[in-house]
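Below, chain A is the first sequence line, B the second, and so on; all start at residue 1.
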There are 2 protein chains.
Amino acid sequence: MTVVEDRRSRRTRGALRDALVSLVLERGYAAVTVEDIVAAADVGRATFYTHFKDKEALYDHVVASVLQELKERLAQVLAPEDAGFTGQPVAEVFRHAAEQPDAYRMILRGEGDGRGLRALEDAWGTTAHEIFSARVKANAVRPRVDLQVLARAWVGEQMAVLLWWLEAPEPRPATDQVVETLVELSRRGRLWATGFDSDPR
Amino acid sequence: MTVVEDRRSRRTRGALRDALVSLVLERGYAAVTVEDIVAAADVGRATFYTHFKDKEALYDHVVASVLQELKERLAQVLAPEDAGFTGQPVAEVFRHAAEQPDAYRMILRGEGDGRGLRALEDAWGTTAHEIFSARVKANAVRPRVDLQVLARAWVGEQMAVLLWWLEAPEPRPATDQVVETLVELSRRGRLWATGFDSDPR
DNA sequence: CCGTTTCTGGACACACTGTCTATGATCGTC
DNA sequence: GACGATCATAGACAGTGTGTCCAGAAACGG
């Protein structure tokens with residue numbers, strides 16, 4: 001087995017990936033046919049089926065690639081035992097998304113009947129859970145809220161803001177600024193953002 | 001034009017709606033065909049097309065029905081000028097979702113390429129924005145965070161938790177308890193949930 | 001350069017779609 | 001309970017996209 005893929009395969013797969021993503025963003029996943037994809041990628045239809053079983057397999061391949069990269073990045077950021085709350089992991093996700101905004105938009109919009117969305121949610125949620133666990137351990141306290149729920153909530157918030165950010169017209173607000181806002185919300189709560197620091201009632 | 005729909009139409013449409021939702025939850029939207037739907041609903045295939053243009057139209061109809069109901073409910077809860085933060089609107093959404101959990105699960109999972117998800121996000125987000133605006137006005141402060149972003153984040157958080165709640169094995173945790181947790185997170189921030197009240201960075 | 005791998009168009013059976021028509025069943029109403 | 005209006009239905013139809021196969025052409029890496 002060769003280490004590096006045949007150039008033709010590489011080119012073909014890349015073209016198919018790009019074609020899928022851009023067509024889905026344009027028309028929606030359901031409205032995209034394999035024939036559309038091969039036409040956009042300028043590839044023979046028979047060729048498609050030598051690489052992927054069907055449209056779904058190509059979609060899953062794209063999602064898996066993105067998640068694989070993301071996991072590797074997050075692993076690096078999380079390496080130093082970091083019970084503080086620097087927002088590093090969040091920033092890393094935003095940076096990654098900025099590098100391939102289209103794929104992220106496809107996933108976050110829920111294209112593909114939300115399969116990519118759920119996969120991203122799981123991957124991100126696992127990281128979130130680890131962060132919260134470390135924090136609880138470091139503070140030696142009993143968590144006030146079930147950590148699974150907390151992780152879900154946190155991830156849901158971030159994914160929503162990430163999608164908003166990716167869909168915003170360019171030039172987008174600076175990554176650091178958005179991340180800083182998210183961290184502040186986690187730190188002080190949402191009421192802080194619309195009123196006084198200590199809220200009566 | 002008659003006020004009440006013909007009984008036959010009502011029955012047929014209801015059966016189609018239920019069939020779509022349960023099939024989608026079982027196999028995923030893309031894997032469900034019109035033939036499957038009419039078989040499950042025990043309706044002739046020709047009949048389907050007298051009511052809906054295609055599968056997508058049926059899906060949109062279901063989503064629109066849910067959102068319509070939700071809007072009416074939220075309007076009632078929001079009627080009293082309520083700048084406090086009672087969590088009433090959130091509780092109302094959870095109650096509504098508990099009444100038709102399957103439709104909500106279909107939507108929140110992102111089935112239908114996320115179209116329902118986006119529609120729900122918009123409806124809910126509008127309400128959220130109104131709530132935050134009222135609060136900012138009541139406190140006569142300049143919001144620290146763009147209210148659109150804030151609304152997005154809030155809604156994202158709640159939708160994530162709602163889905164978790166709906167997918168949880170029965171008996172589900174009590175609505176009030178989950179809502180109370182969400183309100184607390186908004187009030188004090190997420191760090192509070194995993195540590196001490198005043199957190200040193 | 002040569003053996004291997006990939007690409008390709010065209011043909012095929014198949015599943016599902018969306019439309020139409022004629023007939024029978026069920027409705028609301030008087 | 002009878003009647004006109006509306007709805008449900010089976011079956012036929014052409015059309016579109018799918019997934020598989022093949023044999024020849026092209027591009028690859030060593």
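- Take A:A15 and apply the side-chain contact (heavy atoms from CB on, under 4.5 Å) test, not counting sequence neighbours, and it matches A:A41.
- Figure legend: B:K53 and B:F48 shown without cation-pi pairing, the cationic atom not lying both under 6.0 angstrom from the six-membered ring centre and within 45 degrees of its axis.
- Remark: the A:Q68 side chain and the A:E72 side chain contain an N/O donor-acceptor pair separated by less than 3.5 Å.
- Sorted by residue number, the members of residues 49-58 of chain A with any non-hydrogen atom under 4.0 Å from DNA chain D read A:Y49, A:D54.
- The CZ-P distance, from B:F48 to D:dT9, rounds to 13 Å in whole Å.
- In this structure, A:H61 and A:F52 have tilted ring planes: the angle between them lies in the 30° to 60° band.
- The heavy-atom pair separating A:A153 from B:L185 by the smallest distance is CB-CD1, 4.3 Å.
- Between the side chains of A:E92 and A:Q88, no donor-acceptor pair is found at a separation under 3.5 Å.
- Within a 6.0 Å sphere centred on CD of B:E99, heavy atoms belonging to other residues, nucleotides or ligands number more than 12.
- Across B:L147 and B:S133, no two heavy atoms sit closer than the pair CD1-OG, 3.9 Å.
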With the criterion being N/O to N/O and under 3.5 Å, what pairs connect the protein with nucleotides 22-27 of chain D, and how long is each?
from, atom 1, to, atom 2, distance (Å)
D:dA27, N3, A:R8, NH1, 3.0

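- Of the residues in residues 9-36 of chain B, B:S9, B:T12 come within less than 4.0 Å of DNA chain D through at least one heavy atom, sorted by number.
- Minimum heavy-atom separation, B:Y59 to B:L20: CA-CD2, 3.7 Å.
- In summary, the side chains of B:R13 and B:H51 do present a donor paired with an acceptor at a separation below 3.5 Å, with no hydrogens or angles considered.
- Taking atom CG of B:D6 as the reference point, atom P of D:dT6 lies 10 Å away to the nearest angstrom.
- When the nearest nucleotides of DNA chain C are assigned to A:V43 and B:R45 by heavy-atom distance, the more 5′-ward of the two goes with A:V43.
- With the end axes of the helix from C:dC1-D:dG30 to C:dC30-D:dG1 each set by five pairs, the angle from one to the other reads 60° at 10° resolution.
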List the atom pairs, donor and acceptor, that lie under 3.5 Å between side-chain atoms in residues 118-132 of chain B and the rest of the protein, sequence neighbours left out.
from, atom 1, to, atom 2, distance (Å)
B:R118, NH1, A:R109, O, 2.9
B:W124, NE1, B:Q158, OE1, 3.3
B:T126, OG1, B:D122, O, 2.8
B:T127, OG1, B:A123, O, 3.4

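- Using bins of under 30°, 30° to 60° and over 60° for the plane-to-plane angle, the ring pair B:W165/B:F94 lands in the tilted bin.
- What you find for B:L74 and B:P89 is that their closest heavy atoms are CD2-O, 3.8 Å.
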